[in-house]
Asker: 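There's a structure below that I have some questions on.
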Amino acid sequence: MNESLFRKIENKTGVAMDELFALANAIQHANFQDERQVRKIIRKVGRLAKKDVSKQLEDQIAESIMKSGSSLNVGDIQRMIDKKG
């Protein structure tokens, strides 16, 4: 992709592209039945979104993700954090 596009995204979001790529890679290869992996992803999305995710909210999101058993994307997790946060 175009490097200037990455810079624009970084400037707008305040998040380095390498962090976004690492998160996308973690989500793509995650086992959503592994609670440790799910919680790690939830915390990472919260940090990147600059949102505090309480233990209670993390528990609710993790339970929801693990119960569904399907893969999610960053947007799905972000919406859960915004909705309940």
Side-chain angles (χ1 to χ4, degrees):
M1 282 197 125
N2 187 332
E3 191 172 320
S4 66
L5 173 64
F6 290 147
R7 274 194 234 116
K8 286 179 185 176
I9 293 170
E10 286 178 341
N11 289 337
K12 183 172 177 115
T13 64
V15 178
M17 289 308 298
D18 60 332
E19 290 183 63
L20 289 176
F21 287 134
L23 178 59
N25 188 49
I27 289 173
Q28 183 178 13
H29 296 100
N31 171 0
F32 287 95
Q33 297 303 308
D34 181 340
E35 187 174 351
R36 278 185 53 205
Q37 282 187 15
V38 169
R39 289 180 180 277
K40 187 175 179 180
I41 290 170
I42 293 167
R43 288 189 295 269
K44 179 87 171 174
V45 171
R47 275 194 310 277
L48 292 178
K50 297 179 177 126
K51 298 273 187 170
D52 289 328
V53 180
S54 68
K55 176 73 169 127
Q56 180 181 10
L57 179 56
E58 182 181 311
D59 291 344
Q60 291 172 347
I61 294 171
E63 182 180 336
S64 175
I65 290 170
M66 291 172 50
K67 187 182 284 186
S68 74
S70 62
S71 64
L72 297 173
N73 62 46
V74 174
D76 294 334
I77 298 170
Q78 178 63 43
R79 280 188 288 285
M80 288 180 189
I81 290 171
D82 287 342
K83 183 176 163 184
K84 296 180 180 179

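Residues: numbered from 1 along the sequence shown.
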Asker: For the side chain of Glu10 and the backbone of Ala16, is there at least one donor-acceptor N/O pair under 3.5 Å apart?
Answerer: no
Asker: Could you tell me the separation between the CD atom of Gln33 and the CD1 atom of Ile65, rounded to the nearest 0.5 Å?
Answerer: 11.0 Å
Asker: Rounded to the nearest 0.5 Å, what separates atom CG in Asp52 from atom CZ in Arg47?
Answerer: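 Spacing of CG (Asp52) from CZ (Arg47) equals 12.0 Å.
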Asker: Restricting to side-chain hydrogen bond (donor to acceptor under 3.5 Å, both in side chains), what partner residues turn up for Asn11, sequence neighbours left out?
Answerer: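 Asn11: no side-chain hydrogen bond (donor to acceptor under 3.5 Å, both in side chains) contacts found.
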Asker: Could you give the distance from CD (Gln37) to CD1 (Ile27), rounded to the nearest 0.5 Å?
Answerer: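 The CD1 atom of Ile27 is 11.5 Å from CD of Gln37, to the nearest 0.5 Å.
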Asker: Report, one line per pair, each donor and acceptor closer than 3.5 Å where one atom sits in a side chain of residues 38-46; sequence neighbours left out.
Answerer:
| from | atom 1 | to | atom 2 | distance (Å) |
| --- | --- | --- | --- | --- |
| Arg39 | NE | Glu35 | OE2 | 2.8 |
| Arg39 | NH1 | Glu58 | OE2 | 3.0 |
| Arg39 | NH1 | Asp59 | OD1 | 2.9 |
| Arg39 | NH2 | Glu35 | OE2 | 3.0 |
| Arg39 | NH2 | Asp59 | OD1 | 3.0 |
| Arg43 | NH1 | Glu58 | OE2 | 3.0 |

Asker: Using the salt bridge (charged side-chain N to carboxylate O under 4.0 Å, His left out) criterion, which residues pair with Lys51? Sequence neighbours excluded.
Answerer: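 Residues passing salt bridge (charged side-chain N to carboxylate O under 4.0 Å, His left out) with Lys51: Asp82.
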